[in-house]
Amino acid sequence: MTAPTPPRLRFAPSPTGYLHVGGARTALFNWLLARKTGGTFLLRIEDTDKARSTDDSTRAIFEGLTWLGLDWDEEVVFQGANLERHRADAARMLASGAVYRCFCTSEELTKRREEAEARKEAFKYDRRCDLLPPAEVQRRVSAGEPHVLRFRVPAGETAWDDLVHGVITFPNKDIEDFVILRSDATPIYNHAVVSDDIAMGVTLVMRGDDHISNTPKQILLYQALGATLPRFGHLPMIHGTDGKKLSKRHGATAVGDYQHLGILPQAMVNFLALLGWSPGGDFDEVMSLEQLIEAFSTDGLLRKASVFDPKKLEWMNGQHLSRLPLEALEPRVTPLLIAAGLATADDLAARRDWYFTLLDLLRVRSRLVDDIVRQAGPYFRDTIEYDADAVAKQWKEPAVVRPLLAATRETLAALPDWAPATMEEALRALAEAQGVGGGKIFQPLRVALTGLGVSPGIFDVMVALGRARTLQRIADAEALLGTMG
RNA sequence: GGCCCCAUCGUCUAUCGGUUAGGACGGCACCCUUUCAAGGUGCAGAGACGGGUUCGAUUCCCGUUGGGGCUACCA
């Protein structure tokens, strides 16, 4: 036995959209394995389709990976920059006889394909150009006739021991002589991938299930190029709730969408990791990136496609929201608070302790980062808005509520200190003196202080608000109630 | 159509031949409680079907059915 060499892994997205959650999960598994084994995680942008590739997409991929915390170890490789090597590799295979020139135009091919389909036959390139006499090939090449390079698929079968599926075998007769170089001398996907993976020294190719049928072609290419085969592993797809491949019509599918929805990167990564992978046995599903690395193993990779459940993602996010150290949560919330016009960076920095206490209060009742911001208004604004439903329910009888609030205000104003225990004791005593239950005091008070029917515990609210503002809010409410009676 | 992959509660999963088939999300009920969350407890809910192999199959094999992917001079 030799000591296992740490693998060189890569994530190779094409910049034709945004970073899809499926792609993000593929990247994550590659990254986790690299971090777990001391291997190397590489990033390659497959921009050979110039018509569809955009700089925006490339940027979205970088931003998405960075947001998720998936860093890559070497300089990003842009596939488009390797054109000359792709051509040289193709030329080598032409020289060795592994590929041949094909003069069939795509129009002809399309026509033949349609005819075959009309006859309900499976279309496969018939190798007619491989049968051309060498002299004719020479003549047409000299005449400058456009042509592609096709790989001559040998007889036999192609198989590999897939990291997640075990042995997968394809009879070569089912693989057509595929194009590797277009007539404009640019490489086709499979060829560019193999050429680059060889050049980058990739030893383990982990990618989506949808690439299984590309793998035998790529293996043939490795062999024709005389290169050492990497290990292959095919991850199951992620489906929408309807069981179909996740796509735009399922709603948010880009990781950027979730970032904007208020999902934490920790939660996204945690959720994605558990889609198609399980550490096995009993375990706490809420895990940090570090814990994921620790627990990760290719043994736990599943074969079945999984359905993306936004509900569970939200739950997962709520868990992370509550468990994250406040120092780590703060930078996720602060920009949103500032953007909402509730506070300034200086203000928050100046009362950091107060701010952290408030965050701790609000995050328990939040699933999304935005939920925190949505609840924060009453603690920052000078004036509050009254929720109509809350008013209708808790201030139903102004003539009763108003004097109770006045008594509450006076009781609070007379308190020796501004501590929850003191407040509770005094207000419960007040309730008893008034012959009402605590709720009759607390609920209208909540509306007076926050304008809302729901909030953190009322004493926590008063501490967060401070004595002056609390008393002022109650006085404001009394005045408002006076106009309602 | 051809080739390939897949198959445990609605969803994510545990189980590596012997379990009352366990957990999580979601749902429902209850508890806690000044509201809402959080938390706690409980309930409902699964081995697609048919053959084998075996003393014994969710688990191994074959078939059927169902789902998915690929089938370009896209990636």
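Chain letters run A, B, ... following the sequence lines, proteins first and then strands; every chain starts at 1.
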Original post:
Does CG in A:D184 sit with more than 12 non-hydrogen atoms of other residues, nucleotides or ligands closer than 6.0 Å?
Top reply: yes
Original post:
Reading nucleotides 64-75 of chain B 5' to 3', which nucleotides get B (base under 4.0 Å from a protein heavy atom), which S (sugar-phosphate only), which -?
Top reply: ----SSS-SBBB
[N] to [M] separation - [atom1] atoms, rounded to the nearest Å:
N     : M     : atom1 : answer
B:G39 : B:A21 : P     : 29 Å
B:A37 : B:C31 : P     : 15 Å
B:U65 : B:C30 : C1'   : 43 Å
B:C60 : B:C74 : C1'   : 41 Å
B:C12 : B:G26 : C1'   : 11 Å
B:G18 : B:C25 : P     : 28 Å
B:U19 : B:U58 : C1'   : 11 Å
B:A29 : B:G45 : C1'   : 15 Å

Strand partner of [N], provided both Watson-Crick or wobble distances fall under 3.5 Å:
N     : value
B:C43 : B:G27
B:U54 : none
B:C74 : none
B:A7  : B:U65
B:U59 : none
B:U33 : none

Subject >> Distance test, side-chain N/O of A:K312 to OP1/OP2 of B:U13, below 4.0 Å >> reply: no
Original post:
If only side-chain N and O atoms of A:K304 are considered, is one of them under 4.0 Å from the OP1 or OP2 phosphate oxygen of B:C12?
Top reply: yes
**OP:** Could I get the full list of ring pair (Phe, Tyr, Trp, His ring centres under 6.0 Å) partners for A:F123, not counting sequence neighbours?
**Re:** none
Please determine, for the side chain of [X], which listed nucleotide ([options]) has the closest atom?
X      : options            : result
A:D309 : B:G1, B:C25, B:C12 : B:C25
A:S306 : B:C12, B:C3, B:A37 : B:C12
A:H165 : B:C5, B:C25, B:C36 : B:C5
A:R446 : B:U35, B:U11, B:C4 : B:U35

**OP:** Compute the ring centroids of A:F11 and A:F29, then answer whether they are less than 6.0 Å apart.
**Re:** no
Subject >> Sub-6.0 Å ring centroid separation between A:W72 and A:F62 >> reply: yes
**OP:** Look at the aromatic rings of A:F308 and A:F271 and report parallel, tilted or perpendicular, splitting at 30° and 60°.
**Re:** perpendicular
Original post:
Which word best sums up how the rings of A:Y386 and A:W395 line up, parallel for under 30°, tilted for 30 to 60°, or perpendicular for over 60°?
Top reply: tilted
Expressed in angstrom and rounded to an integer, what is the separation of [X] atom [atom1] from [N] atom [atom2]?
X      : N     : atom1 : atom2 : answer
A:H234 : B:C3  : NE2   : C1'   : 15 Å
A:L275 : B:A24 : CG    : P     : 18 Å
A:F232 : B:C5  : CZ    : C1'   : 16 Å
A:F178 : B:G2  : CZ    : P     : 23 Å
A:R119 : B:G1  : CZ    : C1'   : 13 Å
A:F459 : B:U33 : CZ    : C1'   : 12 Å
A:M316 : B:G26 : CE    : C1'   : 14 Å
A:E121 : B:G2  : CD    : C1'   : 12 Å

**OP:** Using the closest heavy atom to pick a nucleotide of RNA chain B for each, name whichever of A:G280 or A:R365 lands nearer the 5' end.
**Re:** A:G280
Original post:
Donor-acceptor pair, A:R44 side chain versus A:V77 backbone, under 3.5 Å?
Top reply: no
Original post:
Counting distance only, does the side-chain N/O of A:S366 pair as donor-acceptor with the main-chain N or O of A:V369 below 3.5 Å?
Top reply: no
Using a cut-off of 4.0 Å on non-hydrogen atoms, how would the nucleic acid contact of [X] be classed: base, sugar-phosphate, or nothing?
X      : answer
A:S278 : sugar-phosphate
A:G318 : nothing
A:P216 : nothing
A:D282 : nothing

Subject >> Test side chain to side chain donor-acceptor pair (under 3.5 Å) applied to A:H234 and A:D209, A:D210, A:N214, A:T215, the passing residue >> reply: A:T215
Original post:
Hey, are A:R128 and A:E108 close enough for a salt bridge, meaning a charged N less than 4.0 Å from a carboxylate O?
Top reply: no
Original post:
Do A:K311 and A:E314 sit within salt-bridge range, that is, some charged N less than 4.0 Å from a carboxylate O?
Top reply: no
Original post:
Looking at A:I168, A:L163, A:D161, which hits side chain to side chain contact (heavy atoms under 4.5 Å, CB included) with A:H165?
Top reply: A:I168
Original post:
Which residues within residues 420-445 of chain A lie with some heavy atom under 4.0 Å of an atom in RNA chain B?
Top reply: A:R428, A:F442, A:Q443
